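Keep in mind that this is a model prediction, so the values were computed, not measured.
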Amino acid sequence: MKFVWFLFSLSLLAGCSRQSVKVIPDSSLPVLDITADYPEREIDLAEEAEIEYIPLQFQGTERLETFDLLYGTISENMIFAYNRKGTVFVFDKTGKQLHQFNHTGGEKEQYDYVFSIYGDEENQEIFMRTFRYRIQVYSLAGEYKRSLIASYPVSFNQVFGYNKDSLVFSDGISEIKDRFDNGIYYYKLSKKDAGISPFPFYVKHRITNVFTCEVREEKQISSLSYTITIEPMIKNGNEVILSDFACDTIFSFDGNKKKALLRRTPAVRSTFPLKLIGVSIKTDRFIFMDIIEKVYIPNEKGVKNKSLLFDLKTQEVSVPILINKEFTPPFPVNMGNSNGNFPKNTCISAIHSKKLLELYRSGRLSGKAKEVASRLGKDDALVLILYHFK
């Protein structure tokens, strides 16, 4: 196993950050060789996490798909999600539907498409990214309240709840702008009036997850642009994790404290094609990461993806295989927190109720999965699964 330790001073942090927050020093920073081969590690989520199954009780004919929940919000008492038709759902934590609305259209108080939502239970509001430069705010029942339009020339990409008064977002503008290229690509946004303040993180010579190239087909040349499916920012409860693609160090921001978590090798700018690393899940014990080459290969479906797990307790690196042994055979679990607002140390997945009932009737469930399946009703179309890591 190629895994080394790197002694460093605080000067290491200067390459990617101009911070005005308290930095937690560390006498040694783990360095991850992303080119090495690592052993597989099977993780049974029935052992590593407290599992919670929540049957969602829908009203009417509108439904959610399993992947829709990955873009939603799980708060203390509520569940927020939306589907590809632009319909927003609000449930309580028992799965009972409280509200549902759809305001697609061309008017000021409507939207053409929903890219992400953040459900703010404390302020009783829903923030919806409906355009590159606009976030629309609705009540829990769907009443239009206001629009947040940034005056500074930025584009909303990832948007998360930050605190009672602010959101945090990454700038989605991919081109370099001489006048505005000041190294700040992460911001705090006022929930009330769209006032912007820089998040204390500086990036020199930005690298994005957007790939643009020219493709020749016989005598024609066309432009191809696509977005690689990893993101530079995630949330773990109130903790913000930044694995900016231009940086070789992954950072954690928790309140006014900043901490370096680990450093990659080789450096991103020494790789060709560029090998980008993005954190998909962070808990108190684990860091799940995806490594993707930023390259276009004609006739290839998808991009090369390598998943790694760093165990903060044992300091070991492995290729994770996530399963749930409350299912027989063990149920493979795919999850990630790069687009959702979830509680600390919590990840989610989902399963259709019909499939869960089939497994129950064939005697292939145990534990809480079996208990929940035995109580499913006719309105329970989807079962949300929360994994609360210990």
Side-chain angles (χ1 to χ4, degrees), residues 16 32-36 38 67-68 70-71 84 113-116 129 132 154-160 168-177 181 183 185-187 199 201 203-216 222-236 240-251 261-282 287-310 319-320 322 334-340 347:
C16 284
L32 175 68
D33 185 346
I34 66 170
T35 65
Y38 296 102
F67 56 82
D68 292 331
L70 296 173
Y71 294 79
R84 294 302 177 242
Y113 192 78
V114 182
F115 293 94
S116 67
R129 182 170 72 92
R132 290 183 67 187
V154 296
S155 169
F156 297 125
N157 186 20
Q158 292 177 281
V159 180
F160 297 100
V168 61
F169 73 92
S170 60
D171 184 359
I173 293 179
S174 58
E175 64 268 19
I176 298 298
K177 312 173 294 301
D181 184 27
Y185 297 99
Y186 304 92
Y187 298 87
F199 196 75
F201 191 81
V203 179
K204 187 177 182 180
H205 306 308
R206 190 186 195 197
I207 297 173
T208 72
N209 60 351
V210 178
F211 190 92
T212 304
C213 66
E214 289 187 346
V215 180
R216 295 178 180 268
S222 58
S223 180
L224 173 69
S225 179
Y226 65 89
T227 301
I228 298 172
T229 56
I230 57 173
E231 299 288 354
M233 178 171 62
I234 68 166
K235 289 285 298 297
N236 175 33
V240 177
I241 311 300
L242 285 179
S243 52
D244 188 272
F245 304 133
C247 296
D248 297 327
T249 304
I250 297 171
F251 294 93
L261 298 176
L262 59 83
R263 186 173 176 85
R264 59 168 282 171
T265 188
V268 60
R269 296 188 186 278
S270 69
T271 60
F272 183 82
L274 288 174
K275 291 182 173 60
L276 308 185
I277 184 169
V279 175
S280 58
I281 300 170
K282 161 69 168 62
I287 302 176
F288 294 84
M289 297 160 284
D290 291 311
I291 296 137
I292 295 181
E293 290 187 349
K294 187 175 181 179
V295 62
Y296 170 71
I297 302 176
N299 302 319
E300 284 280 334
K301 293 183 179 180
V303 295
K304 294 181 179 179
N305 184 17
K306 179 179 181 180
S307 295
L308 292 178
L309 168 69
F310 177 62
V319 177
L322 301 177
N334 295 313
M335 56 189 183
N337 284 9
S338 59
N339 294 289
C347 302

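- Within the 4.5 Å cutoff, side-chain heavy atoms of Leu276 are placed close to those of Val268.
- Under the ring-ring contact (aromatic ring centres under 6.0 Å, His included) criterion, Phe156 pairs with Phe169, sequence neighbours left out.
- The salt bridge (Lys or Arg N to Asp or Glu O under 4.0 Å) test applied to Arg84 returns Asp68, not counting sequence neighbours.
- With sequence neighbours excluded, the residues satisfying side-chain contact (heavy atoms from CB on, under 4.5 Å) with Phe160 are Gln158, Val168, Met233, Lys235, Asn341.
- The side chain to side chain donor-acceptor pair (under 3.5 Å) check on Tyr186 picks up Asp244, with sequence neighbours excluded.
- Under the 4.5 Å side-chain criterion, counting only non-hydrogen atoms from C-beta, Ser116 is not in contact with Asn339.
- Evaluation of the side chain to side chain donor-acceptor pair (under 3.5 Å) rule for Asn157 yields no partner, not counting sequence neighbours.
- Residues meeting the side chain to side chain donor-acceptor pair (under 3.5 Å) test with Asp290, sequence neighbours left out: Ser307.
- Thr271 is linked by a side-chain contact (heavy atoms from CB on, under 4.5 Å) to Arg264, Pro266, Leu274, Lys275, counting only residues two or more places apart in sequence or in another chain.
- The shortest distance between side-chain heavy atoms of Thr265 and Ile34 does not fall below 4.5 Å.
- With sequence neighbours left out, the side chain to side chain donor-acceptor pair (under 3.5 Å) criterion links Asn236 to Glu239.
- Using modelled atom types, one side-chain atom of Asn209 and one backbone atom of Ile230 make a donor-acceptor pair closer than 3.5 Å.
- Qualifying ring-ring contact (aromatic ring centres under 6.0 Å, His included) partners for Phe245, counting only residues two or more places apart in sequence or in other chains: none.
- Under the rule for a ring-ring contact (aromatic ring centres under 6.0 Å, His included), Phe67 has no partner lying at least two apart in sequence or in another chain.
- Within the 4.5 Å cutoff, no side-chain heavy atoms of Leu262 are placed close to those of Thr249.
- In this structure, the side chain of Asn337 does not engage the main chain of Lys282 through any donor-acceptor pair within 3.5 Å.
- Proximity of a side-chain donor or acceptor of Lys294 to a complementary backbone N or O of Phe272 within less than 3.5 Å is not detected.
- Taking the side chain as every heavy atom from C-beta outward, Cys347 and Phe288 never approach each other to under 4.5 Å.
- Val240 is not listed as a side-chain neighbour of Phe251, based on a closest heavy-atom distance of 4.5 Å or more.
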